[in-house]
Amino acid sequence: MTLRVVQWATGSVGVAAINGVLEHPELDLVGCFVYSEAKSGKDVGEIIGGAPLGVVATDNRDDILAMDADAVIYAPMLPKIDEVAALLRSGKNVITPVGWFYPSESEAGPLQEAAVAGNATLHGAGIGPGAATELFPLLLSVMSTGVTFLRAEEFSDLRTYGAPDVLRHVMGFGGTPETALSGPMQKLLDGGFIQSVRLCVDRLGFAADPTVRTSQEVAVATGPIDSPIGTIEAGQVAARRFHWEALVGDTVVVRITVNWLMGEENLDQPWSFGPAGERYEMEVRGNPNTFVTVKGWQPETVEEGLESNPGVVATAAHCVNAVPATCAAEPGVQSFFDLPLITGRAAPDLAR
């Protein structure tokens, strides 16, 4: 018996999720919501650049709410609580990479109520926030006693991110440092990453201050840098760094950091990826220490990333693979540790 899945939004994560659903032996794509009138009424296969699938996209939310489906992979650019609540009340389980990884009671309140009313489950998945920033580091901690520090850190070249409007107007690249530092990006990231820090603190049992310390830095171009938003000129923002930290007294016990660079040349501050290149790092200090570098979630070249970004695909894959466990879970908002361990599935030509 397959689970009937709706894809909500067809940006880069949405397209990757559709492809993932099509490959998954337990899932069947039955619907698709789009924000664009130009996409509405089109076969989803056409939207993702493939053969017809017999599934037609719609921009009518009521069509989706009335649809007979088990789950929705909810992947818009910005989440809306009323959309998620309506999906849950309609009896559809929701898996999303854009929030609710480990919400507080006040953050989860209306969604918990909607989920129980619809006998449905909400689960936040993805890469960062998500697996790289909480699930995987915490799993590594099982190999240590007396944990004193946990770190998760991303190093990514944003020239591989083919969303120029987001890069410029949301992330603040190509603008002044003052505009970037006062812009919306810190607040947008806080929602997910603060939850990641809190989950790590609670699972490890640190007596940390409930307030997560946040900070951000920028580096500017010292000369022209080619990027998806055009040429970044000297003095304009060309790299960003964000930190989220939990402290016990003056001691940092959990740190999550994101490093986003438009390449490594012509930067002031002179940040670089170092000899390890783009990567995700996870570190646990205890007895013994553990240090893991993850490669493969970033493309080998800028051109390759603009064609298909592995980090985007990984984000979507985590959501796709979480559908069966989410559908089987108790109603409500459920985090990683409320569900059983999730794995991928064999490629169709290698499956039994």
Side-chain angles (χ1 to χ4, degrees), residues 12-13 97 126-140 149-163 166-167 170-174 177 180-181 185-186 188-190 192-194 196-197 200 214-222 225-229 232 237-245 252 254-285 289-315 317-318:
S12 54
V13 172
I127 188 170
T133 53
E134 56 221 63
L135 176 60
F136 295 166
L138 285 170
L139 292 178
L140 292 173
F149 177 71
L150 182 148
R151 176 177 65 91
E153 189 160 1
E154 173 190 353
F155 300 82
S156 291
D157 189 334
L158 269 275
R159 293 178 301 170
T160 66
Y161 186 46
V166 176
L167 287 167
V170 179
M171 301 174 102
F173 287 96
L181 291 170
M185 202 65 227
Q186 179 76 60
L188 290 173
L189 294 175
D190 282 352
F193 284 103
I194 287 176
S196 294
V197 171
C200 293
T214 65
S215 59
Q216 58 174 317
E217 307 166 71
V218 300
V220 299
T222 59
I225 298 173
D226 290 333
S227 80
I229 59 174
I232 298 177
V237 172
R240 305 204 64 176
R241 178 177 288 163
F242 299 87
H243 302 282
W244 296 268
E245 297 175 319
V252 176
V254 176
R255 176 184 295 124
I256 297 174
T257 297
V258 171
N259 300 275
W260 288 336
L261 283 62
M262 290 289 184
E264 301 178 274
E265 297 181 1
N266 300 339
L267 292 179
D268 179 26
Q269 307 172 50
W271 296 339
S272 75
F273 299 124
E278 293 182 78
R279 64 203 181 277
Y280 285 78
E281 288 183 353
M282 301 157 199
E283 178 184 8
V284 178
R285 295 182 197 165
N289 297 328
T290 301
F291 184 87
V292 172
T293 298
V294 178
K295 302 284 283 186
W297 292 345
Q298 286 112 342
E300 293 294 327
T301 65
V302 171
E303 293 73 23
E304 183 182 311
L306 293 172
E307 182 71 23
S308 177
N309 191 304
V312 169
V313 176
T315 299
H318 195 186

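Please read these numbers as outputs of a predicted model, since none were measured by experiment.
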Next on the checklist: I'd like to know if the side chain of Arg240 and the backbone of Met185 have a donor-acceptor N/O pair within less than 3.5 Å.
Outcome noted: no
Checklist entry - How far does CZ of Phe273 sit from CG of Leu261, to the nearest 0.5 angstrom? => result 4.5 Å
Item to check | Spacing of CD1 belonging to Ile127 relative to OH belonging to Tyr280, to within rounding of 0.5 Å | outcome: 3.5 Å
Next on the checklist: I need the Trp244 CH2 to Ile256 CD1 distance, nearest 0.5 Å.
Outcome noted: 8.0 Å
Next on the checklist: One pair to check against side chain to side chain contact (heavy atoms under 4.5 Å, CB included): Ile232 and Val220. What are the steps and the verdict?
Outcome noted: CA-CA 9 Å; Ile232 298 177; Val220 299; over 6 Å; no
Checklist outcome for this item: In this structure, OG1 of Thr315 is separated from CG of Asn309 (nearest 0.5 Å) by 8.5 Å
Item to check | Test side chain to side chain contact (heavy atoms under 4.5 Å, CB included) applied to Tyr161 and Val166, step by step | outcome: CA-CA 9 Å; Tyr161 186 46; Val166 176; 4.1 Å; yes
Next on the checklist: Tell me which pairs pass salt bridge (Lys or Arg N to Asp or Glu O under 4.0 Å) where either residue lies in residues 149-159, with sequence neighbours left out.
Outcome noted: Arg151-Glu153, Arg151-Glu281, Arg151-Glu283, Asp157-Arg159
Next on the checklist: Once rounded to the nearest 0.5 Å, what's the spacing between atom CG of Asn289 and atom CZ of Phe149?
Outcome noted: 11.0 Å
Item to check | Heavy-atom closest pair, residues Leu140 and Met282 | outcome: CD1-CB, 3.8 Å
Item to check | Spacing of Glu265 atom CD and Ile225 atom CD1 [to the nearest 0.5 Å] | outcome: 8.5 Å
Next on the checklist: Counting C-beta onward and ignoring hydrogens, is there a side-chain heavy-atom pair between Leu150 and Leu138 closer than 4.5 Å?
Outcome noted: yes
Checklist entry - Are any of the side-chain heavy atoms of Val13 and Pro97 separated by less than 4.5 Å? => result yes
Next on the checklist: If I compare all heavy atoms of Ser308 with all of Val313, which pair ends up nearest, and what's the gap?
Outcome noted: OG-CG2, 3.8 Å
Checklist entry - Taking all non-hydrogen atoms of both residues, which atom of Gly172 and which atom of Ala180 are closest, and how far apart? => result O-CB, 3.9 Å
Checklist outcome for this item: Shortest non-hydrogen pair, Met262 vs Leu158, comes out as SD-C, 3.9 Å
Checklist entry - Can you check whether Ala219's main-chain N or O pairs, donor with acceptor, with Arg241's side chain at less than 3.5 Å? => result no
Checklist entry - Going by atom types only, do Thr222 and Asp268 share a side-chain donor-acceptor pair under 3.5 Å? => result no
Item to check | Heavy-atom closest contact (Ser196 atom, Pro129 atom, distance) | outcome: OG-CB, 3.5 Å
Next on the checklist: Show every side chain to side chain donor-acceptor pair (under 3.5 Å) that has at least one partner inside residues 293-307, sequence neighbours left out.
Outcome noted: Ser156-Gln298
Checklist entry - Can you tell if the side chain of Phe193 reaches within under 4.5 Å of the side chain of Val258, non-hydrogen atoms only? => result yes
Checklist entry - Do you know the tightest heavy-atom contact between Pro137 and Ala152? => result CG-CB, 4.1 Å
Checklist entry - How far apart are the C-alpha atoms of Asp190 and Phe242, what are their side-chain angles, what is the distance that settles it, and do they pass the side chain to side chain contact (heavy atoms under 4.5 Å, CB included) test? => result CA-CA 10 Å; Asp190 282 352; Phe242 299 87; over 6 Å; no
